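For reference, the structure is listed below as structure tokens.
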Amino acid sequence: SVGLPPTGIYDEATSAALRAALGTYGDLLDSSTVGIQELLTYLGLYSGPIDGIWTAEVTASMKALQRSLGVPETGVPDADTIQAAFQRGLLEGAAGATTVPPTTAPATTAPATTAPATTAPATTAPPETAPPTTPPPAETVPETTPPPTTVPEPQLPDLFATLQANPNYSTFVGLLLAAGFDADSDLPGPYTVFAPTNAAFGALPPGTLDDLMANPALLSQLLAYHIVEGLFPVASITGDLISVNGAPLVVAGSGPTLTVGGASIVDPDVNASNGVIHGISSALTPPVVPI
């Protein structure tokens with residue numbers, strides 16, 4: 001989505017491209033990376049700057065951590081790495097967290113030194129034995145427990161940025177951009193968005209999207225029919241809703257059979273900073289927009 005090869009690796013170029021694409025929300029990536037840099041520095045695996053910028057040195061340090069944890073060396077903080085770090089007690093909240101064992105130098109004792117017996121002619125003197133000498137025990141280093149290190153939880157992006165980050169909603173995002181809805185994406189809300197997937201738009205008759213793009217007024221009414229003012233997780237949807245364009249959205253069924261405007265919810269409760277998104281199986285049709 002940012003024009004880079006899909007390597008699946010969060011490298012320095014990906015970090016820079018995502019930060020540029022997120023604009024003012026780029027600091028969310030920075031705060032997450034700062035927490036990782038601080039953890040790697042504390043563990044002695046990273047010596048670079050704590051600046052929130054993911055670099056090749058951070059990737060190499062992450063691989064070193066993964067090597068010590070015995071998990072695949074992907075270079076990114078994936079699920080296996082986080083689970084292993086919790087089990088080792090490197091992250092806060094782990095059950096049975098381990099601490100750095102105390103380092104105690106063992107006391108050393110020099111062996112007793114015995115002088116050989118001396119015998120004079122015709123006279124036998126008792127053997128003379130030097131008393132054993134024992135140095136004082138070595139100093140013991142007190143046990144120290146490192147403070148817990150917690151990776152800060154980043155703030156959620158807004159509704160539009162959340163949709164934009166998911167390739168399954170690229171058609172819906174394109175329509176929002178064409179209608180100028182992205183300009184209102186940072187409003188405090190909250191809003192509930194029923195977002196048709198790309199497959200939902202693909203099921204429309206040929207030429208439907210082109211016709212809507214050519215008619216901005218109808219496009220705006222269609223998109224407004226997919227947005228409801230207020231925060232409505234799936235569990236709280238118990239009756240009909242009123243969309244932003246003023247037309248009602250008929251709700252039927254419950255639980256896994258719940259439908260809104262005749263569409264099934266296939267990707268429920270995707271949270272954003274100013275609302276929630278529900279992926280739906282088909283585009284909704286307001287009374288005044290025939291599609």
Side-chain angles (χ1 to χ4, degrees), residues 1-8 14 17-18 20-23 25 156-187 189-229 231-234 237 241-251 256 258-291:
S1 66
V2 294
L4 295 176
T7 62
T14 303
L18 285 177
L22 290 175
Y25 294 97
L156 291 173
D158 64 20
L159 289 164
F160 184 77
T162 302
L163 288 167
Q164 197 173 35
N166 191 328
N168 289 327
Y169 300 110
S170 59
T171 302
F172 188 55
V173 168
L175 294 176
L176 291 171
L177 287 170
F181 273 62
D182 59 305
D184 299 327
S185 64
D186 59 350
L187 293 176
Y191 296 99
T192 299
V193 177
F194 296 95
T197 63
N198 290 350
F201 283 112
L204 295 176
T208 300
L209 292 181
D210 292 336
D211 293 342
L212 286 170
M213 294 286 282
N215 192 329
L218 287 180
L219 177 60
S220 294
Q221 291 183 43
L222 173 70
L223 295 175
Y225 192 58
H226 291 74
I227 304 171
V228 174
E229 189 170 359
L231 187 66
F232 294 98
V234 163
I237 300 177
L241 303 171
I242 301 299
S243 67
V244 169
N245 83 345
L249 284 170
V250 177
V251 175
L258 180 70
T259 61
V260 177
S264 300
I265 295 179
V266 296
D267 185 17
D269 295 336
V270 179
N271 293 316
S273 63
N274 58 342
V276 65
I277 299 166
H278 303 305
I280 55 177
S281 61
S282 60
L284 305 179
T285 306
V288 293
V289 181
I291 61 171

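Predicted model, so just to flag it, every value in this text is computed and none were measured.
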Distance (rounded to the nearest 0.5 Å) between [X] [atom1] and [Y] [atom2]:
X	Y	atom1	atom2	answer
L159	S273	CG	OG	6.5 Å
D269	F232	CG	CZ	13.0 Å
L218	L223	CG	CG	11.0 Å
L176	I227	CG	CD1	6.5 Å
L204	T285	CG	OG1	8.0 Å
I280	L258	CD1	CG	11.0 Å

Return the minimal non-hydrogen interatomic distance between [X] and [Y], and the atom names on each side.
X	Y	value
V276	P233	CG1-N, 4.4 Å
F172	N198	N-OD1, 4.5 Å
N245	P286	ND2-CB, 3.8 Å
P248	Y225	O-OH, 2.8 Å
A17	L4	CB-CD1, 3.7 Å

Under the ring-ring contact (aromatic ring centres under 6.0 Å, His included) rule, collect the residues that match up with F194, sequence neighbours excluded.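 With neighbours one apart ignored, the set is H278.
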Is the shortest heavy-atom distance from the side chain of L284 to the side chain of P196 under 4.5 Å?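 Not in contact.
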Heavy-atom distance under 4.5 Å between the side chains of I237 and T192, does that happen here?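 With C-beta onward as the side chain, the pair stays apart.
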Sequence neighbours excluded, which residues qualify as side-chain contact (heavy atoms from CB on, under 4.5 Å) partners of [X]?
X	answer
A165	none
T197	Y169, A199, A200, V266
T162	P157, V270, A272, I277
A178	M213, L219

Taking only residues two or more places apart in sequence, or in another chain, which ones meet S281 in a side-chain hydrogen bond (donor to acceptor under 3.5 Å, both in side chains)?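 Testing S281 for side-chain hydrogen bond (donor to acceptor under 3.5 Å, both in side chains), a comparison that skips the adjacent residues, returns none.
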